[in-house]
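Below is one structure, written out as C-alpha cells, with a few remarks after it.
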Amino acid sequence: MMMSRSAMKLLSTATVRTIHGGGEFRRGFFALGARNLSSTVSAVREKPQTEPGSRSAAGHSSFEGGDKSVVSYWGVAPVKLTKEDGTEWKWSCFKPSEAYKADVSIDLGKHHVPRVWTEKVAYWGVKMLRLPTDIFFKRRFEMRAMMLETVAAVPGMVGGMLLHCKSLRRFEHSGGWIRVLLEEAENERMHLMTFMEVAKPRWYERALVFAVQGIFWNFYFVAYVISPKVAHRAVGYLEEEAIHSYNEFIKELDSGNIPNVPAPAIAIDYWRLAPDSTLRDVVMVVRADEAHHRDVNHYASDIHYQGLQLKEFPAPLGYH
C-alpha cells in the first residue's frame, strides 16, 4: 500500500549515533518529524568486561554469592571491595570500614535505678514485655536473641527519623544524634543478620516477629513523640534486659546445653573476630554492643530529664 507524500514527510529515520565512554552504546531507531510530537526508542548495550567484578558505566557489577549483573542506563554500579589483606570482600550489606572490634571490657552491671514515676513506668513496661518471650521461647536463647534484635532495632530508626524531621522543620543541626541513633539501628540489625545464621525460625515464629515488630514500632513512635526522655529511658532498660538474656545465653553455652558452633562468617568480618571464633565469642561482642546502647540511651534520657536538648551536647559517635 502506497503512502501519501505528506505521510512520508512525517516519518523519517533518525541518525544512528555511537557514544563512546564507559562502554555505553546507544542507538536511536525512529523519530517522528512532527513539530510537537517526537519519540525516541533507545537501547543500551554493554561491552563485555575484561576483568571480573570490574565497574562499567553501564552499571555491570558482580554481587555476593554469584555472577549476578545488572545493566543500567544510569551507569550506577557498586564498587568492588577488598579486605585489608587484598582478598575479596563478600558482603554487600556493610563495608570493611564499618567493621570494628567491640569493646568487651565495658561494665555490664550498670543499672539506672528508676526514681520518678515515668521512669518506673518505663522500667516495669519493659519487664512486662519480657514475660511473653519467657513463656514462648523458654530456654531457646538463639530464638530469644532473634526476637530481641527485631525489636531492639526499631527504637534507633524511629528516634533517628523523628529527629531528622525535627531538624528539617526547625532548620537546625541535631548535634550528631541522628547518626548515632541510625547507627544503633543498623548495629542491632546486624545482630539479627548474625543470629539468623544460627537460629532457623519456624513459620509461626516469623509470624510472631512480624506482629510484635508492627505493634512495637507504632507504640514506640507515639511514645517518642509524646516524651523522648521516657522513650530513651525505656530503651536503656530494654538494653539492660538484653544484657541479662545474653548472660543466660553464655551460661547455656558454657554448660553445653547449646552447642558452641563456629561463628558465622558475617560475624567474623563484622566484628573482626579471629577465624576460629565460636558462637560464644559472637554472643560476647553482641552483649558488649547492647551495653553501649544502654549507656547512650540512658545518657540521652538524662539530657532530657534535666530540661535540655540533645542538640546541645555532641552525640557519642563511635562509642561502641
Side-chain angles (χ1 to χ4, degrees), residues 63-65 78 81 89-103 129 133 137 141-164 176-201 205-221 224 231-232 234-236 238-239 241-243 245-246 249 263-273 279 281-297 300 315-320:
F63 292 87
E64 62 172 288
L81 301 173
W89 182 258
K90 62 186 296 185
W91 313 107
S92 61
C93 53
F94 68 100
K95 298 183 294 184
S97 59
E98 296 169 348
Y100 64 98
K101 284 188 174 294
D103 178 15
L129 288 175
T133 305
F137 294 114
F141 283 98
E142 64 276 14
M143 294 304 304
R144 290 169 66 101
M146 184 201 70
M147 172 62 75
L148 173 66
E149 301 303 342
T150 60
V151 173
V154 169
M157 182 60 66
V158 172
M161 176 188 68
L162 290 175
L163 286 182
H164 174 77
W177 282 94
I178 296 173
R179 178 170 296 181
V180 162
L181 294 177
L182 293 181
E183 285 182 351
E184 175 187 314
E186 174 65 11
N187 181 247
E188 298 284 9
R189 191 186 67 84
M190 289 302 297
H191 293 175
L192 175 63
M193 296 298 102
T194 297
F195 285 116
M196 285 295 295
E197 299 294 325
V198 179
K200 304 299 180 183
E205 291 168 334
R206 289 177 176 268
L208 180 64
V209 167
F210 190 88
V212 170
Q213 188 188 78
I215 295 171
F216 185 74
W217 172 280
N218 290 282
F219 176 82
Y220 190 79
F221 178 89
Y224 202 97
H232 280 295
V235 176
L238 179 64
E239 301 295 0
E241 288 297 322
I243 294 170
S245 293
Y246 286 120
F249 199 161
I266 191 172
I268 291 175
D269 284 340
Y270 184 65
W271 283 285
R272 297 180 181 175
L273 299 173
L279 179 58
D281 298 315
V282 174
V283 177
M284 291 280 288
V285 294
V286 170
R287 185 180 61 176
D289 286 349
E290 306 293 9
H292 286 92
H293 299 325
R294 171 204 61 193
D295 293 353
V296 170
N297 280 278
L317 288 165
Y319 174 58
H320 67 276

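Throughout, residue positions are numbered sequentially from 1 according to the sequence presented. Predicted model, so just to flag it, every value in this text is computed and none were measured.
Considering CG of Leu192 and CD of Glu197, their distance stands at 10.5 Å, rounded to 0.5 Å. Distance check, rounded to the nearest 0.5 Å: CH2 of Trp271 to CE of Met190 gives 6.5 Å. Separating the CD atom in Glu183 from the CD atom in Glu188 is a distance of 12.5 Å, to the nearest 0.5 Å. Taking OH of Tyr224 as the reference point, atom CG of Leu163 lies at 4.0 Å (rounded to 0.5 Å). To the nearest 0.5 Å, atoms CG (Leu273) and CE (Met284) are separated by 11.0 Å. Atom CG of residue Asp289 and atom OH of residue Tyr100 lie 3.0 Å apart, to the nearest 0.5 angstrom.
Residues Arg189 and Glu186 are paired through a salt bridge, judged by an N-O separation under 4.0 Å between the basic side chain and the carboxylate.
By the 4.5 Å heavy-atom criterion applied to side chains, Leu182 and His164 are not counted as neighbours. Put simply, the side chain of His292 reaches to within 4.5 Å of the side chain of Asp103, judged on heavy atoms. Side-chain contact between Leu148 and Tyr246 is present, with at least one heavy-atom pair separated by less than 4.5 Å. The side-chain heavy atoms of Glu149 and Met196, taken from C-beta on, include no pair separated by under 4.5 Å.
Using a distance-only test at 3.5 Å, with no hydrogens or angles considered, a donor-acceptor pair links the side chain of Arg272 to the main chain of Ala99. Side chain of Trp89 to backbone of Phe94: a donor-acceptor contact under 3.5 angstrom is found.
The two residues Val282 and Ala263 have their closest heavy-atom pair at CG2-CB, 3.5 Å. The two residues Phe249 and Ala145 come nearest to each other via the heavy atoms CE1-CB, 4.4 Å. The two residues Leu81 and Pro96 come nearest to each other via the heavy atoms CD1-CD, 3.7 Å.
Residue Phe221 places its CZ atom among 12 or fewer non-hydrogen atoms of other residues, nucleotides or ligands, all under 6.0 Å distant.
Of the residues listed (Asn187, Val285, Thr194), the one engaging Tyr270 in a side chain to side chain contact (heavy atoms under 4.5 Å, CB included) is Asn187, and it is the only one.
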